[in-house]
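Read the structure below first, then the notes.
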Amino acid sequence: MASAPHDPFYSSPFGPFYRRHAPYMVQPEYRLYEMNKRLQARSEDSDNLWWDAFATEFFEDDATLTLSFCLEDGPKRYTIGRTLIPRYFSTVFEGGVTDLYYILKHSKESYHNSSITVDCDQCTMVTQHGKPMFTKVCTEGRLILEFTFDDLMRIKTWHFTIRQYRELVPRSILAMHAQDPQVLEQLSKNITRMGLTNFTLNYLRLCVILEPMQELMSRHKTYNLSPRDCLKTCLFQKWQRMVAPPAEPTRQPTTKRRKRKNSTSSTSNSSAGNNANSTNSKKKAAAAAAAANLSLSSQVPELGALQRCSLNPGRDGALCHSTTVTPTGQFKEKH
């Protein structure tokens with residue numbers, strides 16, 4: 001083994017002889033390998049601070065962890081946020097597990113602008129149980145991981161869909177209790193449900209209640225209010241959001257344009273109906289009539305006087321209804 005580092009095909013991930021064509025930042029499977037090593041380094045004295053540091057190292061601040069499986073009473077799906085992820089991993093060991101690691105086979109990687117997605121259809125979660133009896137549980141399913149594409153390369157989304165599981169008991173233990181039917185019957189019973197202990201399942205059920213209460217816990221931690229006051233404040237703010245009318249969309253200020261003043265005929269037609277077609281036709285007709293009157297009044301002076309008379313009041317104060325021109329060139333008013 002001493003000459004192993006000098007072998008050109010040696011690819012050990014340890015020491016200065018570790019050969020990689022790219023940094024581990026673009027190797028998401030190596031991050032899962034590092035997480036397995038960190039879980040193996042756990043001790044019995046690991047407290048909440050240790051688990052928080054573990055989650056901070058491998059999970060983003062807004063990360064989510066989702067588990068999907070099917071129990072006797074139907075399919076289940078649990079999604080927990082970043083604040084509940086440390087407790088989830090700790091409950092695995094509190095349920096009698098002494099070792100936990102993940103194995104990926106034939107995984108596929110896809111690169112995006114700011115993330116890397118690993119899709120492994122043959123993922124195995126291996127847990128070694130020390131109690132109630134020595135058992136190795138292999139939980140198989142599909143694992144989809146989304147990593148952030150940066151130097152830290154932490155997990156943003158974790159989705160594990162469990163399909164089946166196997167509980168393996170050593171033959172030596174079976175041979176040791178071959179003459180004891182009660183022990184054999186106890187060994188034949190499953191110690192997990194879909195590869196998860198009852199301790200972990202109870203915590204996932206509790207997370208259904210804890211996840212919506214994150215706002216209350218955060219407010220209590222920030223403002224040091226009593227639980228009742230936190231609940232009153234959150235409910236009052238939620239009620240305000242429900243009662244408050246929706247904000248009106250901001251309208252862009254319309255720029256006013258100065259309109260040029262047209263002739264008297266066009267200004268009189270501008271106040272006509274709302275129909276755009278009729279308004280345009282009236283404006284065109286009025287403009288044509290105005291142009292005709294101006295041309296005729298410039299040629300025949302009597303027609304200019306005719307127009308002025310039609311707009312002036314008559315003898316009794318009423319407007320002239322009509323005016324006729326006599327053959328001699330004089331005009332005559334009719335009231």
Report yes if the side chains of [X] and [Y] come closer than 4.5 Å at any heavy-atom pair, otherwise no.
X      : Y      : answer
Leu67  : Leu204 : yes
Leu184 : Gln182 : no
Phe160 : Thr66  : no
Glu140 : Arg166 : yes
Leu32  : Tyr30  : no
Val97  : Gln128 : no
Thr117 : His112 : yes
Phe58  : Met153 : no

Are Arg82 and Phe59 in a cation-pi contact, defined as NZ or CZ under 6.0 Å from the six-membered ring centre and within 45° of the axis?
->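 Geometry flag: not set, cation outside 6.0 Å or 45°.
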
What's the shortest heavy-atom distance between [X] and [Y], and which atoms?
X      : Y      : answer
Gly95  : Thr197 : O-CG2, 3.9 Å
Cys70  : Met194 : O-CG, 3.3 Å
Val137 : Gly195 : CG1-CA, 4.0 Å
Val118 : Ser107 : CG1-CB, 4.0 Å
Val183 : Asp180 : CG2-OD2, 3.0 Å
Gly130 : Thr98  : N-CG2, 4.1 Å

Would you say [X]'s side chain and [Y]'s backbone share a donor-acceptor pair under 3.5 angstrom?
X      : Y      : result
Asn202 : Arg205 : no
Thr91  : Glu94  : no
Arg193 : Asn198 : no
Ser46  : Arg42  : no
Glu167 : Thr192 : yes
Thr200 : Leu196 : no

Tell me whether [X] shares a hydrophobic cluster with [Y], the cluster being built from Ile, Leu, Val, Met, Phe, Trp, Tyr side chains joined at under 4.5 Å.
X      : Y      : value
Leu39  : Ile155 : yes
Ile191 : Leu71  : no
Met217 : Ile85  : yes
Leu201 : Leu100 : yes

Does the side chain of [X] come under 3.5 Å of the side chain of [Y] through a donor N or O and an acceptor N or O?
X      : Y      : answer
Tyr223 : Asp229 : no
Thr148 : Asp150 : yes
Ser68  : His159 : yes

Identify whether the distance between the nearest side-chain nitrogen and carboxylate oxygen of [X] and [Y] falls below 4.0 Å.
X      : Y      : value
Arg31  : Glu34  : yes
Arg142 : Asp119 : yes
Arg154 : Asp62  : no

Among Thr124, Asn190, Thr139, the one residue meeting side-chain hydrogen bond (donor to acceptor under 3.5 Å, both in side chains) with Tyr165 |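 Option passing the side-chain hydrogen bond (donor to acceptor under 3.5 Å, both in side chains) with Tyr165: Asn190.
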
Do other residues, nucleotides or ligands put more than 12 heavy atoms under 6.0 Å from the [atom1] atom of [X]?
X     : atom1 : value
Lys76 : NZ    : yes
Gln40 : CD    : yes
Asp73 : CG    : yes

With rounding to the nearest 0.5 Å, note down the distance linking CG in Leu210 to CG in Leu84.
->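 It is 6.0 Å, given to the nearest 0.5 Å.
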
Between Phe54 and Phe89, ring centroids under 6.0 Å |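 Yes - the distance between ring centres of Phe54 and Phe89 falls below the 6.0 Å cut-off.
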
Hey, what's the ring geometry for Tyr102 with Trp158, parallel, tilted or perpendicular (30° and 60° as the breaks)?
->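 Ring orientation, 0 to 90° scale: perpendicular.
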
Give me the one residue out of Asp52, Leu49, Asn48 that meets side chain to side chain contact (heavy atoms under 4.5 Å, CB included) with Pro86.
->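 For Pro86, the side chain to side chain contact (heavy atoms under 4.5 Å, CB included) test succeeds with only one of Asp52, Leu49, Asn48, which is Asp52.
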
Could you go step by step and tell me if Ser110 and Ile116 meet the side-chain contact (heavy atoms from CB on, under 4.5 Å) rule?
-> CA-CA 6 Å; Ser110 58; Ile116 305 176; over 6 Å; no

